[in-house]
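Everything below concerns the one structure shown next.
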Protein chains: 2
Amino acid sequence: IIRIQGITKIYQLGDEEVHALRGIDLEINQNEYLAIMGPSGSGKSTLMHILGCLDVPTSGLYDFEGRNIAEMDGNELAEIRNQKIGFVFQNFNLLSQSSAYENVELPLVYAGMSSGKRSNRVMEVINQVGLTDRADHKPNQLSGGQRQRVAIARAMVNKPSIILADEPTGNLDSKTSYEIMKLIKDIHDLGNTIIMVTHEEDIARFCHRIVRLRDGVILSDTKQVPE
Amino acid sequence: IIRIQGITKIYQLGDEEVHALRGIDLEINQNEYLAIMGPSGSGKSTLMHILGCLDVPTSGLYDFEGRNIAEMDGNELAEIRNQKIGFVFQNFNLLSQSSAYENVELPLVYAGMSSGKRSNRVMEVINQVGLTDRADHKPNQLSGGQRQRVAIARAMVNKPSIILADEPTGNLDSKTSYEIMKLIKDIHDLGNTIIMVTHEEDIARFCHRIVRLRDGVILSDTKQVPE
Ligand SMILES: Nc1ncnc2c1ncn2[C@@H]1O[C@H](COP(=O)(O)OP(=O)(O)OP(=O)(O)O)[C@@H](O)[C@H]1O
Ligand SMILES: Nc1ncnc2c1ncn2[C@@H]1O[C@H](COP(=O)(O)OP(=O)(O)OP(=O)(O)O)[C@@H](O)[C@H]1O
Ligand SMILES: [Mg+2]
Ligand SMILES: [Mg+2]
């Protein structure tokens, strides 16, 4: 469903150029469960933002479900982002003036769901990430790992067919991490596609394939039998 | 050097009360190397902010180097925070409009160091965390793990005798994590005190003592031989 070829990303900083991605080829099929790993600064988040249609590559081809992303207009891209892709940001990217409930509800508002149906679905995912008694807290009234779980709930709420999760367990203790990984496994078992950045080897063991980046290129791409 | 007794912290949220800490007793001596662990939401960051004199407890005693914190004025607390304690925040807490260099330099500006001496010391710690070629980048021009390392460099720059680090490796790959842990070990070997929150068991193995929290109380406090 996703095919990228020759993807590069160059950040221009004054007269300095940062080559974050130096030619990435990757093919991801429906219902794959993929981990992206690599050193800090190797280009993982940059790749995730391009895959999630949140940023454009400097060059290269991006084919999404048979259609060329470069030929889509803003509306089509927004529709893919809202309907098909759930994104868990590395820095959570929550609205600071909104409660956990309102942050999770936002994708359903964009999708035009009625408010009655929305409240059922929002509380369902908030319960699933273990934040039932924190739904009315704002981000600065939550712990780091609780904020991270709000970001995970928001990514799942509209039942997207692709989940892109950038370091989803970075602030979670082992037990809470494991509960999140079980939740993600359930989503995967329903036929959805999971692409996850992680630096934790024991989290990567849930995945069926590991792509390792270094300095903006793919070092290795290996299939594995998950635990 | 640090002794706390009966420390509680209650967050008031409208008519809801969140008991983040429910009576914590802890004694930390000079040159200890302590890990604080526990589930997400168990009160680790709340405890760290109180230990770092960044927040006040709801009740209880806090004795810092023989003096009662509650009897200190704003200036004395600011001096302790600037001279004696280096704090690595879980959410990094960097100034978004300042470069990595300017963020790391800030404690030295507060301490009144001359600009010539400052630039040597700032580049020394920036080199130590592996960000020499990112010193002029702003936080949104850095990767997640690079932002985390700026926060670590800032905490170390004024050579404080106590380092409080809240999840310092949450966004770092194993190799970069290991380099940071070696750096922290060097600081410890110079006689300084390290208090670190972590959820990663292999990071906790560097520590000499592990305090486990659950629901705002200490579950266990065990000494161990570090790796
Ligand atoms: N400003 C606040 N207002 C209300 N509740 C708060 C506030 N800050 C924290 N809390 C609550 O206090 C509890 C403890 O939070 P704390 O940040 O200390 O947890 P933590 O152990 O650091 O968790 P994590 O591992 O997820 O970072 C959490 O349940 C959180 O929701
Ligand atoms: N807006 C930007 N401007 C300039 N350079 C940038 C920008 N964003 C990222 N970079 C640089 O691009 C490189 C790749 O960043 P990226 O965030 O993709 O890394 P990463 O693999 O996700 O790292 P981490 O594991 O630390 O999160 C980094 O060296 C970073 O400094
Ligand atoms: Mg990243
Ligand atoms: Mg915390």
Side-chain angles (χ1 to χ4, degrees), chain A residues 11-16 18 20 37-46 48 89-92 94 99 129-131 133-149 166-167 169-180 197-204 212-214, chain B residues 11-16 18 20 37-46 48 89-92 94 99 129-131 133-149 166-167 169-180 197-204 212-214:
Chain A
Y11 293 110
Q12 211 68 43
L13 214 64
D15 52 358
E16 181 199 351
V18 176
M37 306 185 76
S40 174
S42 56
K44 304 179 298 294
S45 296
T46 300
M48 289 287 271
F89 290 84
Q90 187 171 6
N91 64 348
F92 318 152
L94 300 176
S99 69
V129 297
L131 291 179
D133 53 349
R134 292 284 182 275
D136 57 345
H137 285 224
K138 291 199 177 116
N140 68 344
Q141 297 164 339
L142 293 170
S143 79
Q146 290 169 343
R147 285 193 290 269
Q148 185 153 40
R149 285 181 276 159
D166 197 342
E167 298 280 3
T169 63
N171 284 274
L172 300 178
D173 59 287
S174 324
K175 185 165 167 291
T176 311
S177 284
Y178 187 71
E179 283 158 15
I180 293 297
V197 170
T198 184
H199 66 276
E200 298 182 73
E201 295 290 341
D202 50 351
I203 298 294
R212 291 186 190 271
L213 291 191
R214 169 168 294 174
Chain B
Y11 293 110
Q12 211 69 41
L13 215 64
D15 51 359
E16 181 200 352
V18 176
M37 306 185 76
S40 174
S42 55
K44 304 180 296 296
S45 295
T46 301
M48 289 288 271
F89 291 84
Q90 186 170 8
N91 65 349
F92 318 153
L94 301 176
S99 69
V129 298
L131 289 179
D133 53 349
R134 292 284 182 274
D136 57 345
H137 285 224
K138 292 200 176 109
N140 68 345
Q141 297 165 339
L142 293 170
S143 78
Q146 290 170 342
R147 285 193 290 269
Q148 186 153 40
R149 286 181 276 159
D166 197 341
E167 297 281 1
T169 62
N171 283 274
L172 301 178
D173 60 286
S174 325
K175 185 164 167 292
T176 311
S177 284
Y178 187 70
E179 284 159 14
I180 293 298
V197 169
T198 185
H199 66 276
E200 297 182 75
E201 296 290 341
D202 49 352
I203 297 295
R212 292 186 191 270
L213 292 189
R214 170 166 294 175

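Chain letters run A, B, ... following the sequence lines, proteins first and then strands; every chain starts at 1. The shown structure was predicted, so the numbers you read here are calculated from the model rather than taken from an experiment.
- Neither the backbone nor the side chain of B:D202 comes within contact range of chain A; no heavy atom of the residue lies under 4.5 Å from a heavy atom of that chain.
- When side chains are defined from C-beta on, B:L172 counts as touching B:R149, because their heavy atoms get closer than 4.5 Å.
- For the atom pair B:L94 CG and B:L142 CG, the distance stands at 8.5 Å (nearest 0.5 Å).
- Salt-bridge check for B:R212 with B:E201: passed, with a basic side-chain N closer than 4.0 Å to an acidic carboxylate O.
- In this structure, chain B has heavy atoms under 4.5 Å from both the backbone and the side chain of A:S40.
- Contact count against chain A (heavy-atom pairs under 4.5 Å) is highest for B:G41 among B:A20, B:G41, B:S174, B:G14.
- In terms of heavy-atom pairs under 4.5 angstrom with chain B, the leader among A:Q146, A:E16, A:M37 is A:E16.
- Here the closest non-hydrogen pair linking A:D173 and B:H199 is CA-CB, 3.6 Å.
- Interface check for chain A: of the options B:H137, B:K175, B:Q148, the most heavy-atom pairs under 4.5 Å are formed by B:H137.
- No side-chain donor-acceptor contact under 3.5 Å links B:K44 to the backbone of B:L213.
- Ranked by heavy-atom pairs under 4.5 Å with chain A, the list B:Q141, B:R147, B:E167 is led by B:Q141.
- In this structure, chain B has no heavy atom under 4.5 Å from any part of A:D166.
- Between A:Y11 and A:T46, some side-chain heavy-atom pair lies under the 4.5 Å cut-off.
- Taking the side chain as every heavy atom from C-beta outward, A:V197 and A:S45 never approach each other to under 4.5 Å.
- With respect to chain B, the highest number of heavy-atom pairs below 4.5 Å among A:D136, A:T176, A:N171 belongs to A:N171.
- Interface remark: of the candidates B:S143, B:G145, B:G130, B:P39, B:P39 forms the most heavy-atom pairs closer than 4.5 Å to chain A.
- Interface residue A:T169: only backbone heavy atoms are found under 4.5 Å from chain B.
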